[in-house]
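Everything on this sheet refers to the single structure shown next.
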Amino acid sequence: MALETLNPRQREAACFGNSPLLIIAGAGTGKTNTLAHRVAHLVLQQVPAERILLLTFTRRAALEMTRRAQRIAGEALKEVKLPWSGTFHSIANRLIRRHCKRVGLDPGFSVLDRGDAADLMDFVRHERGLSRAEKRFPRKDTCLAIYSHRVNTQRSLAETLQTLFPWCAEWEPELTGLFRDYAERKLADQALDYDDLLLYWHAMMADEALAREIDAQFDHILVDEYQDTNVLQAEILQRLRPSGEGLTVVGDDAQAIYSFRAATPENIRGFAAQFDAAVVALEENYRSTQAVLDAANALIAKNLRSRKKNGAKPRYVTLADDASQAQYVVTQVLAARERGVLLRRQAVLFRSSHHSDALELELVRRNIPYVKYGGLKFLEAAHVKDVLAVLRWADNPKNRVAAFRALQLLPGIGPSLAERIFTHFEAEGFAWQGLKSSSLEFDELMRALGNPETPWPGQLGRVRECYEPHLERLYDAAQVRAGDLLQLERISTSFETREKFLTEMALDPPQATSDFAGVPYLDEDYLVLSTVHSAKGQEWEAVYLLNVADGNFPSEFSTGRPELIDEERRLLYVAMTRAKSDLHLLAPLKYYVAQQSRMGDKHVYGAQSRFLTEAVMACLEPLAWGDAYGAEAPLAGKPTVDVASRLRGMWS
DNA sequence: ACTAATGTCCTTTTT
DNA sequence: GGACATTAGT
């Protein structure tokens, strides 16, 4: 094994024995590489791959890890496949399916993705008459967010409301009732939302016999990005492996950015004491130039040290507005490409998904290919959801969210008819023979799909054929949408079963346009656009960070509580430390915000981010670009235009 | 009872 | 500019 490429600390971590281990891995310190070496090391030590449980934040991360472990283990082994690697949620799904009888579930239970869960929440919301209240009741997404937070923190609803959703606090009694019904509905429908996956796993681990049985399945348990786990996940680990033997967790509390998902950095801070674990800290940064790290260090009082001593200071660029920000990025990106930096080695990062709107327009106009991560996914497109709903219903006849969506595709069927049809179907014992919608063709389709004998290949095509005639009636741009469905069909062929396809689509949807657009596109060069959250764990030669202004960094919604502000600072830290050598912090004087309360007030004047203190600014190169009108603009730092010497020069 | 059209209010980030 | 409620028209 190629251990000589590791530094002593990394090697220590990679070859560590069986007792509990905590690896603190600062940004860019070779975390993935170290963990991959550890996996390879274990495999070479004759630990069977199927006895290694690898929990990562995304499946992408898991794939990257196995890919590298494979390469490291080298020719010594034929193939390293880690069948038990994935997110907490996807592993939960598998364990629950395996033991579904023990927890009272049908083998074919459904996994609700975010949208499905919101739809179900909305259904109950209407059912309880909350939609037409005198004052506006929180909308479905907010309800779901509150629910989820309460579940994942295991704290009381009152506390959740008070700390994170104060504007909804007045609705506490109604929300309690809503959530009770929502949970009841899920039970009746044999449907699990994301939180349920953790809750069921958690509950299974409370059963001592079952916990020991699953525990015995694994020799080693490795958890990546441990700083972003929540209380529930930590308890699952604790119950699964109380001794901590063979348990390795990796993370960096300076990069904790998921508290909105109820993650708590206390998990990683308390781990060493909890399991009496050995701690190995990786501090040598291999990614960025010292100039980039200086700025990041100043931001968060860290001391990352680089091996790349030289390098230009990161730029702090003041621009007029959104449009010139887009212009700047395009200009710089193309210039860098001229210097030989491929587009795909450059990335544009932003706080919020819609911040890239103006830039995307410009990229399309200039014919620059790009791929966007984070934000809206393709699976959220209505027509894709429609087709999936038909399949989901076929997969689990009790899945009422899917049923309602599918039924309402038929002309003349709205909410109330759908309800009536479903009730009748329910009374018939969920037997497909008992389905009587308004369309014979549809009934027959469902009967065919509902028949376990029907082979999976071809099912999506069949749905598509029945659905396509409706496309034109339901939506505009039917052509484009039909194309998407073809893509979906292509993707579906790589899954062995319908259940696997549907579950994957819910738990691990294609992250970016490229995942859908197909493989050939990936051969081309493209610019990466990503939210900062989705950029975690990645690196690029050049990074352009949009809208660095108070209101985004930190977000205006986080200004209340100090611990939220801290997380916002870490978010900026994560963004900055993605850059290897070129870092551009862009600060438009005027940028557009998603329309808020006051009419006509579509843009906002960005004040300098409070995180850019004097110490940080000292590490940046200020620059005004284009026509940064607005003389009142708070240009930080030294003058950048030397008028004096020009004036003098005219007369010398 | 469904569908389209109008009016009103907005809290980001993701498994 | 989008989600969501309400209203008018079929």
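Proteins get letters first, then strands, A, B, ... in listed order; numbering begins at 1 in each.
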Please report, rounded to the nearest Å, how far the P atom of B:dT13 is from the CG atom of A:Leu546. 14 Å
Nearest-nucleotide pick for A:Ser352, side chain only, options being C:dT6, B:dT13, C:dC4: B:dT13
Check nucleotides 3-8 of chain B against the protein and report each pair of N or O atoms closer than 3.5 Å, with its distance, or say if there are none.
unit_1 : atom_1 : unit_2   : atom_2 : d
B:dT3  : OP1    : A:Gly412 : N      : 2.9

Can you list the steps and then say if A:Tyr147 with A:Phe179 is a ring pair (Phe, Tyr, Trp, His ring centres under 6.0 Å)? CA-CA 7 Å; A:Tyr147 171 87; A:Phe179 295 159; 5.3 Å; yes
At less than 4.0 Å, is any side-chain N or O atom of A:Thr531 found next to OP1 or OP2 of B:dT14? Yes or no. yes
Quick check for you: among C:dA5, B:dT13, B:dT15, whose closest atom lies nearest to any side-chain atom of A:His126? C:dA5
Between C:dA3 and A:Lys140, is there an OP1 or OP2 to side-chain N/O distance shorter than 4.0 Å? no
To the nearest Å, how far apart are A:Leu130 CG and C:dT6 P? 12 Å
Could you give the CD1-to-C1' distance, from A:Ile421 to B:dC2, as a whole number of Å? 13 Å
Distance, rounded to the nearest Å, where A:His202 contributes NE2 and B:dT15 contributes P: 22 Å
Is it true that a side-chain atom of A:Glu472 and a backbone atom of A:Pro469 form a donor plus acceptor pair closer than 3.5 Å? no
Please confirm whether any donor atom in the side chain of A:Arg114 sits under 3.5 Å from an acceptor in the base of B:dT14, or the reverse. yes
Is A:Ser555 touching bases, backbone alone, or none of the nucleic acid, heavy atoms closer than 4.0 Å? base
Measure the distance from CZ on A:Arg139 to P on C:dG1 and round it to the nearest whole Å. 17 Å
May I ask you to say what A:Tyr258 touches in the nucleic acid, namely base, sugar-phosphate or nothing, with a heavy-atom cut-off under 4.0 Å? sugar-phosphate
Between A:Phe165 and A:Trp171, is the gap from one ring center to the other below 6.0 Å? no
A:Glu225 CD to B:dT13 P: how many Å, rounded? 19 Å
Between C:dG1 (C1') and A:Asp357 (CG): distance, integer Å: 10 Å
Can you identify which nucleotide, out of B:dT15, B:dC2, B:dT14, has its nearest atom closest to the A:Leu417 side chain? B:dC2
Taking any heavy-atom pair under 4.0 Å as a contact, classify A:Leu197: base, sugar-phosphate, or nothing. nothing
A:Glu174/A:Arg125 ion pair, N-O < 4.0 Å: no
Mind checking what makes ring-ring contact (aromatic ring centres under 6.0 Å, His included) contact with A:Phe350, not counting sequence neighbours? none
Residue whose nearest DNA chain B nucleotide is more 5′ - A:Arg420 or A:Phe57: A:Arg420
Please state whether the phosphate of B:dT14, meaning OP1 or OP2, lies under 4.0 angstrom from any side-chain nitrogen or oxygen of A:Ser534. yes
For the side chain of A:Arg261, starting at C-beta, report the closest nucleotide among C:dA5, B:dT14, B:dT11. B:dT14
Has A:Trp167 got its ring stacked on B:dT11, by the test of a centre gap below 5.5 Å and a plane angle below 30°? yes
Taking the six-membered ring where the residue is Trp, are the ring centres of A:Tyr258 and A:His533 under 6.0 Å apart? yes
Does the aromatic ring of A:Phe88 sit over the six-membered base ring of B:dT15, closer than 5.5 Å centre to centre and tilted less than 30°? no
Ionic contact status for A:Arg114 with A:Glu380, cut-off 4.0 Å: no
Spell out, as yes or no, whether a donor-acceptor pair under 3.5 Å connects the side chain of A:Gln227 to the backbone of A:Asp252. yes
Between C1' on B:dT12 and CZ on A:Phe553, what's the gap in Å once rounded to a whole number? 11 Å
Write down the distance separating the C1' atoms in B:dT13 and C:dC4, rounded off to the nearest Å. 23 Å
